[in-house]
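What follows is a set of notes on a single structure, which appears directly below.
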Amino acid sequence: MNIFQAVFYSFSTPIFYKLMLMSATPLIFAALGGVFSEVTGVTNIALEGIMKIGAFTAVVFTFYTGNPWLGLLGAIIAGVMLAWLHAYVSIRWSADQIVSATALILIASGLSAFLMEPIFGHSGQTDFVAKIPKVKLAFMKDVPFFGQIFDEMSIFVYLAFIAVALSWFLIYKTPLGLRMRAVGENPKSADTLGVNVFKIRYFGVLMSGVLAAFAGAYLSIGELGQFQENMPSGKGFIALAAMILGNWNPVGAMWAALLFGASDALNIQLQSILDIPPEMKALLNLLPFVITIIVVSGFVGKTRPPAADGVPYEKE
Amino acid sequence: MKDIVKQFPKVLANDHVNFLVKKGEVHSIIGENGAGKSTLMNQLYGLYTPTSGDIYIFGEKKVFKGPGDAIRAGIGMVHQHFMLVDTLTVAENIVLGSEPKNGMVFDLKRARKEVKELSERYGLFVDVDAKIEDIPVGMQQRVEILKTIYRGAEILILDEPTAVLTPQETEELFGIIRKLKEDGKTIIFISHKLHEVMEISDNITVMRLGKVTGNVAAKDTNARELANMMVGREVVLRVEKSEKTPGNIAVEIDNLWVKDNRNLDAVRGISFKIRKGEVLGVAGVAGNGQTELVEALTGLRKIEKGKYIYNGEDVTKKTVRELRERNIGHIPEDRYKYAMVKEYPNYYNLILGKHYKEPFAKNGFLNHKVINKNAELLIKRFDVRPADGTIPTGNLSGGNQQKVVIAREVSFNPEFIVIAQPTRGLDVGAIEYVHKEILNLREKDVAVLLVSMELEEVLSLSDRIIVMYEGEIMGEVKPDEVTIEELGLMMAGHKLEDIKLEEKLAHGGDPIEK
Amino acid sequence: MKNKLSKNAMNILVPVTSVIIALFIAGIVILLIGKNPLSAYWVMLQGAFGSKAALAANISKMMSLVLTGLAVGFGFRAGIFNIGAEGQLMMGAIFSTIVGLNLGGVSPVFAIPITMLAGILGGAFWASIAGYLKATTGAHEVITTIMLNWIAVYLTNYFVAGPLAVGQGVPKSPEIAQSAQLPPLMTVQATTLPSGIIVSIVAAILVYILLEKTTTGYELKAVGFNPYAAEAGAISLSKNIVLTMAISGALAGLAGSMEVMAIHHRIFGDFSGGKGFDGISIALIGQNNPIGIIFAAFLISSLRTGSNAMQFAKVPDDIVTIIQGIIIFLVAADRIVRTFILKFSSPKGGESK
Amino acid sequence: VIMVSDVGGLGDKSFNDGTWAGILKAKDKYGIDVQVIQSKEQSDYVDNLSNAAKEADVVIAVGFMMSNALFDVAPQYPATKFIGIDIAPPEGGKVPKNVQLYLFKEQESAFFVGYLAAAMTKTGKVGFIGGIAIPPVERFRYGYIAGVKAYNDIYGENVEVVVGYTESFTDAAKGKSMALAQYAEGADIIFAAAGACGNGVIDAAKEKSLKLYGIDANADLATVIDKYFEKGEGYFAIGVDSDQDYMAPGYVLASALKRVDNASYYGVRDAYRNRFKGGLQVLGALEDGVSLSQMKYTKGLVPARILAEIEYLNYAIKSGLLIVPDNENDLNNFSADIEFPF
Ligand SMILES: Nc1ncnc2c1ncn2[C@@H]1O[C@H](COP(=O)(O)OP(=O)(O)OP(=O)(O)O)[C@@H](O)[C@H]1O
Ligand SMILES: Nc1ncnc2c1ncn2[C@@H]1O[C@H](COP(=O)(O)OP(=O)(O)OP(=O)(O)O)[C@@H](O)[C@H]1O
Ligand SMILES: [Mg+2]
Ligand SMILES: [Mg+2]
């Protein structure tokens, strides 16, 4: 099979779409988190850290309770707590948001690594715990092609798309969303109309904690059933890129995450299909990154952040 | 407002100010840049908390924790620098913070309807679905006013609302103010334009250096007296320019086409010439292509079609730097955005544009000695206050920032200079100064293109005037051969020939009937 | 803020207090796991400064942190967030290695600068891709540099396992020519004090001069503060965006080059170890000021070196990651610390805000 | 005794943990003091090794990443004994006197699992997922493919191997995706030599099997085995380095063991008994350095004949009758010249 045939063959297989969705799901959640925070004007490059702490706490809660749903709840709590730290210093104390986020990434990885020993008796990776069960769509079973994609899929995948729709609705169709956008674009103007800039920003940042925690929980109790020290493996940063590529819009972020997921799936599949030397297979891993660069520079071009993104708001 | 004191970290902005407004009147506040007018109003609006002093609304003592409280107390404010969210629509901006809801959902339909109704009721025409960034400033101003009315404000504060308006728009605004007054609303009006203040107000409060220095009824005073009260000295309100024969042609524009940010034709095939030592005024309502024209002539915007000849050379495709190398100067209309780096100290802003050339730089290294000396000289010569080269320019008042910009451009010895809205937002003293400098350039045989919405300004400074409407030139006139009415018609889109023809017809009657 | 403390005193007091508070918080954690925080910190201090070897190890860590800090900080000054120092460092290391391998017969007088230059160009080239894309298509540098980081990682893996591979065991390149290696300033047993630190300090000074004394610096900063005014002031935005990225990348590339020339003498997999990301916090702790960055890098390298030693007091090293996080967090929230200091410096209790 | 870990650190369920287990075994036996120091990045190695050398009699450096540092540090502390696990001699080949290196013939254990996989596949296709193409990973691949080849030669079959690399030893999600892709391409048994990525591969095997068998995740081993026989097929992962069979009993067919614990134990024992020699030792099946896991949970799935054959292959390798290729060239020329005596 030559490369073109292989690419076309990939596109024609259900597994391609399945892998794409699996790879995109954590990115969608985390990128949505980024959107929530930045739309209100607080940058959040700590997504990686929140994902990590979310993934870890999810496993810890599941480990103690045996119930992965409580694990998810734990992840959300932990994600919100970490996000709150970011919000508190960024909003209340006008801290440099990039420094604060960098610190939180360190704290998240220190904390999760450190707590593993006392909780599980060993470091590096946790024990295996129960996973959130997959959704099986019985009626899908006999549908050709789609049946094989959706026969059995993590509920997180569906939740991710629901989250996209809800986020879009919230940000573009509700009074709260209007205020969020106003606060991210021109906080002073919102302030003069009696909108509480601080509250809205807290909401945005805390929501990013919730969503990034979902992303982390998907990785740990959604797919693998355990937490490993290096868990998000840089996915938080890729999500950040997806958020920008999607122009700070939930739907755009979703497309960007799907694009990345698709190129990742393509890489993985090509490796399984093509008969090329190992060095070349290793280099195929470059595909998602190269494709993203080509898309951002060739087709998307300039994206525009909320005007007050990253600018602390101070009264007087 | 009683005994208001507002202390900023470095400035005492309000020093025991007592300020009383009667219900249902139009009350003006005037004062130099930095006199403390905006600060006072911001406290009334709950944005700032007074260091000491009390605020009474309709006889009741109030303490505002934020604008929300003030809004509830019936106060609305249109801020000096617009408080609009560029990426939202007009309707969204107006209802922000008190949105109509339908269950959980933001009811955009109702918002649009309510805004439309309000705008029709007060004759405040706005396009409810346009984004703020796409509408002209005049409409933005109306949006700001609608914002306050929408919230049911009884007391309206208008902080320099006319600074960016054309005469027609100002007239419209006054109509609205009168209507609001009839509705029983109270208006506080801040302006640097004394004739406006005279026209619209019942009472006038004058502020100087944080204190109230006077309080008069409009009918008991005149513009000159007000000016003197404000500045504390005699001011020349209208400059006289000398008789002068212009020299050779310096600039020749032929069939110029330029696009705007939305990629629509903003300048549509205009042609003109400017001679040395001549001021060509460009009048017109904002948003008719003046901004794009200015940017095209200074290299900031691509010229799509046409020729731009300067001193006999075709410079149509030259970059900003190449144009500056040829001694073409630029005083931009938006000084905060285009004229200076706010964070840079004055001495740096005073060389921006020639910073890479001798004597300021040599072999890629800045010569700080020369740069400082330059700043010292210019600050002294142009009377920039405070007279300190190391202060970030952003920390100066608007008037002094403009002085820095003018000082720089003048010191670069231009042969051709493009000047846009040079006195926007400045107090009378500062305006006097700027006008003098422009005429000085004319004396020095510089070709000047002056874009301004202030008809007075254009009329008093220009040798010739062109009027722009929708990217085209409606006609060219001499200031002393044209009436304000004629200019107004041209700005509204009537061609000069047509106006003349009509006048002829009107005066001469219908030849056939005779 | 009525403060009796001078601005300079504050600039020193704030980070120092941050460190103290962070150590205090971590001390509680150490107590909770049943260890003595004081002795742990003593070991840590010893480990960072206690001996010649400790200091040498400390400084050899600091060497490239200064450079990556400069790289990121330089970008910030011109309004660009270069999150790609990591990848640029690796490209610098690859270029330096490839060139350094082939300079066997050449005198060090030429070999050293040529190898260094190769690293600088490698980093500059890698960063310029992002700069060029931003200038021509508007592609956001955060996206492109994150992607370029990954590509650099994979390329490094490819080179050390493929074309440059040598020996068994670690995938690594051969040693670069002796003449291209930077001799150590001092050797304490296996630990060397790399002469690269001089290069780092010189680079910081050069960056300072570039930013403060040259027209290039004037233009870059103007673009960073206000691109509109810069453009109107005859400064080309696209040229400066590319230039900023190139210089920023050059500094990160130099970091990679120094790691190769002064310490490892070769490149291998997993080369950077996050030094490029550390550059972000270092730049911001040093307030994007080249001299501040030197101190910030020293702070971080001391923590790292000390933390390694602290494990000998049976304190898990993850604690140190947490301490670092807390310190950086407090540096970000410097106003909290300021308020705290003011409260303590004025007996009546300072005012907040 | 102080062990200095590489950046993987303890808890990698791989050579750091394995080495530590060996040290603990020695501790129990000889009552020595032990400690572990973790490294965060490459540049910590010299520092940590030096500090450890000052504190301890025996320093154990774990992981191929540490080789440069080890050869820089060891000569400076001649009184300290160094043990290098999975560390190859320097390019010149000269190992300092106070350093004992242990390498492993990964290809041998991979050979067993390759043979096993080829024998067990129902689809005629098996998978290999590598992390980064470093030498130990590559040796696993050579051995694995050689095992499959041997089976093909002996049985005249044509079992294929699908190869992929995750370019990571940590990204479990990627390991899982890649495994799913290989399963979709028709492989039913996958050997992962990719560190923690392998956990994802194991998870994928379990997930695919659960679906095929129609049972839920908590089903006990007996059910799993019944279902396998009922369906006549199943999806399997093969673990690496340490015995990973327990991570998903019934779904991990076997593990290709690399007995770093034995290496560290041998090293410490020799040092304790003053028999420390220095030099390089390559541990293969013969030295108990590598082996096939016990297959505690899956032995019942494998036909007795195959187990016997593997036993014989083990003997053949130990006795030198069979040499498993450890490079691309030998692999290409490899053919199993084996006749089973039964
Ligand atoms: N937020 C602030 N912080 C510090 N000083 C301020 C602040 N706002 C205003 N000032 C200072 O207070 C004084 C009064 O400013 P204010 O804006 O009230 O003047 P103004 O009368 O509105 O001037 P203009 O006519 O230019 O609008 C000025 O000297 C200014 O420097
Ligand atoms: N938030 C602030 N912090 C410090 N100084 C401020 C602040 N806001 C305004 N100022 C200072 O206030 C002074 C002038 O304030 P303001 O903008 O009201 O007047 P202005 O610039 O003269 O206005 P204009 O010329 O547009 O009428 C300047 O010195 C400005 O730096
Ligand atoms: Mg003002
Ligand atoms: Mg004002």
Side-chain angles (χ1 to χ4, degrees), chain B residues 7 9-10 294-295 298-301 318-345 347-358 360-369 371 392-394 401 405 408-409 412 418 420, chain C residues 1-7 10 73 76-80 135-136 138 205-244 246-247 287-289 335 338-339 342 350-353:
Chain B
Q7 174 76 53
K10 281 189 191 121
V294 166
E295 289 180 358
T298 49
L300 287 165
R301 193 175 282 273
K318 298 287 185 226
T319 62
V320 179
R321 181 165 294 200
E322 286 163 336
L323 293 177
R324 283 216 175 251
E325 290 273 349
R326 286 164 177 73
N327 290 327
I328 296 180
H330 181 200
I331 298 177
E333 63 173 290
D334 186 343
R335 58 178 168 269
Y336 295 99
K337 198 165 166 188
Y338 287 99
M340 65 197 192
V341 178
K342 287 201 274 293
E343 294 82 354
Y344 268 175
Y347 62 76
Y348 268 3
N349 272 311
L350 283 167
I351 61 169
L352 180 62
K354 291 234 192 300
H355 54 273
Y356 58 92
K357 293 182 73 160
E358 288 203 48
F360 305 128
K362 201 171 171 187
N363 303 326
F365 280 87
L366 295 171
N367 187 340
H368 279 99
K369 225 158 108 192
I371 293 170
T393 309
Q401 285 173 349
V405 176
R408 173 181 73 212
E409 297 299 332
F412 286 170
V418 182
Chain C
M1 210 187 301
K2 284 168 248 148
N3 83 50
K4 290 159 282 171
L5 299 161
S6 75
K7 209 175 139 207
M10 263 306 194
F76 277 131
R77 288 298 282 270
I80 287 181
T136 53
I205 295 169
L206 287 180
V207 169
Y208 174 82
I209 293 174
L210 180 69
L211 281 173
E212 304 301 332
K213 306 283 176 209
T214 69
T215 48
T216 311
Y218 178 97
E219 296 199 348
L220 293 173
K221 285 186 294 179
V223 171
F225 284 132
N226 182 351
Y228 301 101
E231 199 180 7
I235 297 171
S236 157
L237 294 188
S238 47
K239 183 192 120 192
N240 275 287
I241 288 170
V242 178
L243 186 66
T244 302
I247 294 175
Q287 301 184 345
N288 301 327
N289 172 326
R335 295 213 191 164
R338 264 168 221 271
T339 311
L342 285 178
E351 80 182 303
S352 87
K353 203 168 183 189

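Hydrogens, waters and symmetry mates play no part in the numbers below; they use all other heavy atoms, side chains included. Just so we're on the same page: letters track the sequence lines, and every chain starts at 1.
B/R321 places a side-chain N or O within 3.5 Å of a backbone atom of C/A234 that can act as its donor or acceptor partner. Of the possible donor and acceptor atoms, none in the side chain of B/Y336 sits under 3.5 Å from a partner among the backbone N and O of B/G394. Side chain of C/E231 to backbone of C/S236: no donor-acceptor contact under 3.5 angstrom is found. Not a single donor-acceptor pair under 3.5 Å links the side chain of C/N240 to the backbone N or O of C/E219. Formation of a donor-acceptor pair under 3.5 Å by the B/Y344 side chain with backbone atoms of C/A222 is found in this model.
Taking a cutoff of 4.0 Å between a charged side-chain nitrogen and a carboxylate oxygen, C/E212 and C/R77 qualify as a salt bridge.
Contact count versus chain C (heavy atoms, under 4.5 Å) is highest, among B/F360, B/Y338, B/Y356, for B/Y338. Of the residues considered (B/K362, B/E322, B/H368), B/H368 shows the highest number of contacts with chain C, using heavy-atom pairs under 4.5 Å. Per-residue heavy-atom pair counts under 4.5 Å with chain C were compared for B/G353, B/G364, B/A361, and the maximum is reached by B/G364. When B/V341, B/T298, B/T319 are compared by the number of non-hydrogen pairs under 4.5 Å with chain C, B/V341 comes out ahead.
Contacts between residues 324-332 of chain B and chain C, defined by a heavy-atom separation under 4.5 Å, are made by B/R324.
In this structure, no portion of C/L210 lies under 4.5 Å from any heavy atom of chain B. Looking at B/I351, the atoms closer than 4.5 Å to chain C (heavy atoms on both sides) sit in the backbone and in the side chain alike.
A cation-pi contact, defined as under 6.0 Å to the ring centre and within 45° of the axis, links B/K337 to C/Y228.
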Exercise. Yes or no on side chain to side chain contact (heavy atoms under 4.5 Å, CB included) for C/I209 and B/F365, after CA distance, side-chain angles and deciding distance?
Worked result: CA-CA 9 Å; C/I209 293 174; B/F365 280 87; 3.7 Å; yes
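Atom CZ of C/F225 has more than 12 heavy atoms from other residues, nucleotides or ligands within 6.0 Å.
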